[in-house]
Amino acid sequence: MTPINVAVIGCGSFAQCFVPLFQAHPTVDKVFVCDLDSTKANHYKETFGTDIIPTFEEAIARPDVGAVAIFTQRHTHAPLVLAALDAGKHVYSAVPMACTPEECKAIIDKVAQTGLTYMMGETCVYYPTAMYCKKEHEKGTFGDFVFGESQYFHDLSHFPKDYQESLASYSLPPFFYPTHSTAMILHATGAHATRVTAFGYKDKDPRYIPENNPWGNPFSGEFSLMELSCGGVARVSEVRRIGYKSPSSYISGFYGTQGSYQFSNAQHLVTSLTKAGVDIRDVSDEVNPAAMTEHKADPDFKHNAANHVWQGDSFSPVQADQVARLPKEYQGLPNGHMASHQFLIDDFLTALQTGKLPYVNAWRAARYTIPGLMAHQSAMQGGIPMDIPDFGDPPEEM
C-alpha cells in the first residue's frame, strides 16, 4: 500500500463532511484544500489543520498530489474532472457526473484511456431502502420487476445560503441533478434506463422564468416515467420547491410479479403472494437507522422522523455487511446522508489502491446521470419520449 495525498477542491458546507474521512483513512498521507475564496480555504485550514493550494490548476499540476476530490457547484464538475484526469490524477467527484451526455462519454473515454480511478460519490446506493430492495430482489422475493418509484424531494429552503443566492445553482434544472433518485431504483433492479418521458412543474418564482436564468429552465420539479432494460418501468422524480423534508431520497414502492415493498416516512412493508392471498411483513426495524428504531416509542417520534433527526450518523441493520469492511480508524467519526459518507470515501480509496473499479465508476455514473438529462429534454419538449444513450457495462478489469 502506497499512501497518497488528496486535494479537496471546493471548501463549501458539504466538503467539510469528507475532509476528516480522507484524513483518517489509512491509505492517505496528507490532505490539501483548495478554494478560490480564501476565507473558506482558511476556515478549513483552521478547522482541519490542512495546507492550502490556492487554485485547482496548481493542485493538479503538483506532483505530490495523487488524487483530487471535487466538491464545487454541481454544474461545474465535468470540466474539472476531465482536466484532472488529463493531469494524471485520480478523481472523486460529488454528484452529478456532468450536464451533458457528451461530457459523460468524454469522462468514460478518459478513464478507459488512462486507467485512472474515477468515482462519482452517489450516496443513495448505500441508503438502506435501496440496499434492502436490491438484496430482496436478488433473492427473488419480488419475482420479476414490474414497477418502482424513487424520488429526491429536497426543498431549496434547506440548502446552504450561498447555494440559494447563486442564480445558476438555484435555477439548475432538477434533472441535471438526477442521481439521488435514479441511482436507488437502478441500483436495486440492476437495470439501466433505456427510454424516458417527463413533465415539469412551471414555478412562479421569478428565478424560474426561463429568460431570467442561465439554463432557460422553467421547472423547480420534474417527473418522469422510464423504461428499464429489464422490462420494468420506474417513476423517477426530482423536486426542489415542495413542502416536505424527510427522507429526502427514498424508494416509495418496488413491485414485482411475486411481491412488493412499500415505504412511507418511517414504515417499511413487504408483501408476498401466497395461495391464500397476500402476506405482509413490517421490516422497519431492519431498514431504519438503529437510532430511529430505539426512539420509535417516543411521543415526538413522528416529528423527529420527518425532520432528519436520525438520518445522519446511525447505521441501519441492512448496512451491517458494509460496516464490517470500514477501516477501524473510522469508528467514532462523523458520517452523513443515511450513514453513507464513510462507505463512499473508503470505496474510492480502496479502488485507488487495488486498481479495481469502484462501484459507482464512470460507466455506472453515466447510467445514473444521463436518464435525468434526457428527462429534462423531454419535459422541455412537452413530454415527448426520448431514447437514453448508453455507453455499456463497466469492464471487469481496467
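All of these numbers come straight from a predicted model, not from anything done at the bench.
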Salt bridge (charged side-chain N to carboxylate O under 4.0 Å, His left out) partner of Arg235, chosen from Glu222, Glu149, Glu227:
Glu149
Where do Ile384 and Ser378 come nearest, in terms of heavy atoms and distance?
O-OG, 2.7 Å
Do any N or O atoms from the side chain of His77 and from the backbone of Ala94 form a donor-acceptor pair under 3.5 angstrom?
yes
Exercise: do Gln151 and Ser252 side chains pair donor with acceptor under 3.5 Å
yes
Does a side-chain N-to-carboxylate-O contact under 4.0 Å join Asp393 and Arg364?
no
Run the salt-bridge test on Asp35 and Lys45 with the 4.0 Å N-O cut-off and return the result as yes or no.
no
Should the pair Phe263 and His268 be assigned to parallel (<30°), tilted (30 to 60°) or perpendicular (>60°) ring geometry?
parallel
Check: Phe145 ring centroid to Phe254 ring centroid under 6.0 Å
yes
Just verifying a value: how many Å separate Trp215 CH2 and Ser171 OG, rounded to the nearest 0.5 Å?
7.5 Å
Parallel, tilted or perpendicular: which describes the rings of His341 and Phe14, with under 30° parallel and over 60° perpendicular?
perpendicular
Using a 6.0 Å distance limit plus a 45 degree cone around the ring axis, check whether Lys296 lies over the aromatic ring of Phe301.
no
Does a side-chain N-to-carboxylate-O contact under 4.0 Å join Lys105 and Glu102?
no
Under 6.0 Å from the NZ atom of Lys202, do we count more than 12 heavy atoms belonging to anything else shown?
no
For Asp390, which residues count as a salt bridge (Lys or Arg N to Asp or Glu O under 4.0 Å) partner, sequence neighbours excluded?
Arg367
Measure from NZ or CZ of Arg62 to the centre of the six-membered ring of Phe32, then state whether that distance is under 6.0 Å and the direction lies within 45° of the axis.
yes
Beyond-backbone contact of Val31 with Asn5, side-chain heavy atoms, under 4.5 angstrom
no
May I ask you to say whether Asp162 pairs ionically with Lys40, meaning some side-chain N is under 4.0 Å from a carboxylate O?
yes
Would Phe176 and His75 count as a close aromatic pair, with their ring centres under 6.0 Å?
no
So, are Arg241 and Asp155 salt-bridged, with charged N and O less than 4.0 Å apart?
no
Output all residues satisfying ring-ring contact (aromatic ring centres under 6.0 Å, His included) with Tyr201, sequence neighbours left out; order by chain, then residue number.
none
Give the ring-plane orientation class for His137 versus Phe142, where under 30° counts as parallel, over 60° as perpendicular and anything between as tilted.
parallel
In terms of relative ring orientation, are Phe159 and Tyr163 parallel, tilted or perpendicular, with 30° and 60° separating the classes?
tilted
For Tyr152 together with His180, are the ring centres under 6.0 Å from each other?
yes
Can Phe18 and Phe71 be said to form a ring pair (Phe, Tyr, Trp, His ring centres under 6.0 Å), step by step?
CA-CA 10 Å; Phe18 295 90; Phe71 293 96; 5.1 Å; yes
Would you call the rings of Phe315 and Phe343 parallel, tilted or perpendicular if under 30° counts as parallel and over 60° as perpendicular?
tilted
Will you find, in the side chains of Thr369 and Thr179, an N or O donor that is under 3.5 Å from an N or O acceptor?
no
Residue pair Ser284 / Gln267, side-chain donor-acceptor N/O under 3.5 Å:
no
Neighbour count >12 (heavy atoms, 6.0 Å) for atom CG, Leu36:
no
What's the spacing between Met119 CE and Tyr359 OH if we round to 0.5 Å?
11.0 Å
Quick one: sort the Tyr92 and Phe348 rings into parallel, tilted or perpendicular, breaks at 30° and 60°.
perpendicular
